Amino acid sequence: MQGLMQDWPLLAHKVLDHAATCHPDQEIVSRSIEGPIHRQTYTDLNRRAKQLASGCQKRGIKLGDVVGTMAWNGYRHLESWYAIMGIGAVVHTLNPRLFPEQLVYIIDHAEDTCFFVDLTFVPILEAIQDKLPKITNFVVMTDREHMPETKLRGVICYEELLAEGDDDFVWPEFDENTACGMCYTSGTTGNPKGVVYSHRSNVLHAMATNMADALGFLSTDTVMPVVPMFHANAWSTAFSAPMAGAKMVMPGAQMDGASIYELLDTEQATITLAVPTVWLMLLQYLEQNPEKKLDALKRVVIGGSACPESMMKAFEEGYDIEVIHAWGMTEMSPLGTLGTRKGGMQGMSQEEWWPIKLKQGRPPFTVEMRITDDDEKELPRDGKAFGHLVVRGPCISKAYLKGEGGNILDGQGFFDTGDVSTVDEYGFMQITDRSKDVIKSGGEWISSIDLENIAVGHPDVAEAAVIGIEHPKWDERPLLVVVKKEGTEPDGADILKFMEGKIAKWWMPDDVAFVEEIPHTATGKISKLQLRQAFEDYSLPTA
Ligand code: ADP
């Protein structure tokens with residue numbers, strides 16, 4: 001027997017329809033690229049997205065076409081996502097921090113035929129357009145008044161494209177498994193690989209992240225995604241915030257501590273999301289301006305890299321703001337786990353709860369997760385055994401675009417995240433490392449992340465990274481690489497002394513190296529690859 005419920009495909013634009021119908025006056029506030037703060041409502045967003053969708057259709061964009069975007073978080077970027085997805089085309093977000101050769105490879109591989117670009121990034125596209133013959137039109141995301149002199153091929157002004165559209169456009173219906181979004185993983189090994197989201201996966205993922213024990217956005221919330229829309233689906237906020245009817249604040253191009261603070265404060269954001277490097281800048285700004293307060297802000301979501309204890313403490317104890325530590329990856333839409341208290345933990349003291357809170361957390365419904373050994377055998381959930389973290393669910397990749405990388409699932413349909421972790425008796429997962437970054441010393445593994453998190457707790461350390469250096473006896477030994485805090489002169493021995501007692505003796509780094517800057521990837525993570533290259537010829541004093 002079949003159920004007798006209606007066919008109501010889970011399409012991304014149904015989220016916008018809902019927001020416009022049920023929360024018509026709720027605001028989307030953007031720091032525009034042109035300068036001023038821009039305000040619109042879900043009614044405006046819905047009307048303009050539909051008109052833009054119609055304009056795109058008239059220009060020949062159709063179901064299955066791939067449309068690139070390179071843009072900051074802002075209202076036009078949001079409108080174009082919904083417009084493009086709403087006609088069954090695929091939004092392919094590009095990270096402007098990638099190298100030109102990587103951009104060319106990715107745009108060409110994905111077969112983008114049209115490209116939406118913010119004013120800031122016009123020069124990037126001008127420089128590579130000759131290598132991108134498949135693109136027929138570049139849409140510059142501004143109005144006529146601000147259109148730049150540009151040599152971009154088939155250039156169209158965004159507001160004019162929108163004006164070409166009909167204002168009585170009706171969203172078409174199609175299969176919910178239709179592709180709607182595309183984002184390439186950074187590909188630290190081999191070429192970048194295309195992750196392809198469907199309407200169904202994005203809607204389900206937004207619902208999962210909106211559960212109360214996860215991020216649970218409310219219509220009374222003001223959500224500020226600092227995490228860019230070009231980085232792993234902006235952690236779903238482009239869908240989950242409108243789904244909840246929350247007010248949205250989009251920070252545009254200004255990501256420094258002062259600008260982020262200003263928006264959080266003037267718009268009274270209640271929840272905000274970003275990678276640790278952004279919060280480092282905000283906390284530094286707050287430290288330098290002790291009179292500034294964040295009265296409305298209740299929760300800060302930190303993910304993309306491990307949240308150091310010192311950062312969590314700074315928010316929680318310094319500003320009474322709850323930190324939610326989250327883990328995920330592009331292939332998971334991206335949220336995989338969140339570190340919120342669960343039933344049975346209410347009575348835990350701070351001392352009991354704090355070490356658990358520092359972990360990456362537990363999965364919401366839709367994510368199945370376990371750790372396995374090299375033979376795909378499940379390891380115990382005891383908080384001690386560590387192994388390959390594998391995941392399964394409806395918002396997790398089953399393959400990369402064009403079958404790149406071959407079969408990516410194990411015998412039971414699980415995807416190997418490439419992370420190494422533990423899972424404790426409460427089901428809380430803790431990343432010990434990426435499998436390629438773990439330090440192999442005397443047949444045992446040392447977690448570079450643990451060492452880094454402890455080292456940044458030292459008052460004179462601004463940033464720390466740990467890599468394995470070849471060692472004649474132990475295979476590899478850890479080297480601690482440190483960026484000093486401005487105006488301080490810590491010495492290596494003092495930092496190592498600070499770490500004593502906080503880690504097993506044999507985990508202690510063999511040496512400390514001071515550098516001006518630690519290299520980062522395009523998604524803001526420490527680039528261990530580049531760091532290892534920089535220290536290729538380094539020999540440890542213990543060798
Ligand atoms: P990319 O690989 O393109 O930089 P992703 O965002 O997909 O971008 O990276 C996912 C990886 O980031 C995860 O596999 C994990 O190694 C790391 N990561 C994400 N969140 C956390 C976290 N909270 N703690 C530790 N590592 C994290």
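All ligand and atom numbering here is 1-based and tracks the order in the structure. Positions are given from 1 along the sequence. Note that the structure is predicted; figures quoted are calculated from it, not measured.
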Is [X] in polar range of ligand 1, meaning some N or O pair under 3.5 Å apart?
X: Thr523; value: yes
X: Lys525; value: yes
X: Tyr184; value: no

Identify, by atom number and element, the atoms of ligand 1 in contact range of [X], meaning under 4.0 Å from any of its heavy atoms.
X: Ala326; result: 20 (N), 22 (C), 23 (N)
X: His231; result: 6 (O)
X: Ala306; result: 22 (C), 24 (N), 25 (C), 26 (N)
X: Met329; result: 7 (O), 10 (C), 14 (O)

Are [X] and [Y] ion-paired here, with the side-chain N under 4.0 Å from a carboxylate O?
X: Asp221; Y: Lys298; answer: no
X: Asp424; Y: Lys384; answer: no
X: Lys131; Y: Asp108; answer: no
X: Lys440; Y: Glu476; answer: no

Select one of side chain, backbone, both or neither to describe which atoms of [X] lie under 4.0 Å from any atom of ligand 1, heavy atoms only.
X: Gln360; value: side chain
X: Asp419; value: side chain
X: Cys307; value: neither

How are the rings of Phe428 and Trp353 set relative to one another: parallel (under 30°), tilted (30 to 60°) or perpendicular (over 60°)? perpendicular

At their closest point, which heavy atom of Pro478 faces which heavy atom of Leu451, and how far apart are they? CB-CD1, 4.0 Å

Whether Gly418 lies under 4.0 Å from ligand 1, heavy atom: no

Does the residue Pro334 have a heavy-atom contact with ligand 1, meaning some pair of atoms that are separated by less than 4.0 Å? no

Would you compute the distance between atom CZ of Phe239 and atom CG of Leu78 and round it to the nearest 0.5 angstrom? 9.0 Å

Could you go step by step and tell me if Ile324 and Thr340 meet the side chain to side chain contact (heavy atoms under 4.5 Å, CB included) rule? CA-CA 7 Å; Ile324 301 176; Thr340 55; 4.1 Å; yes

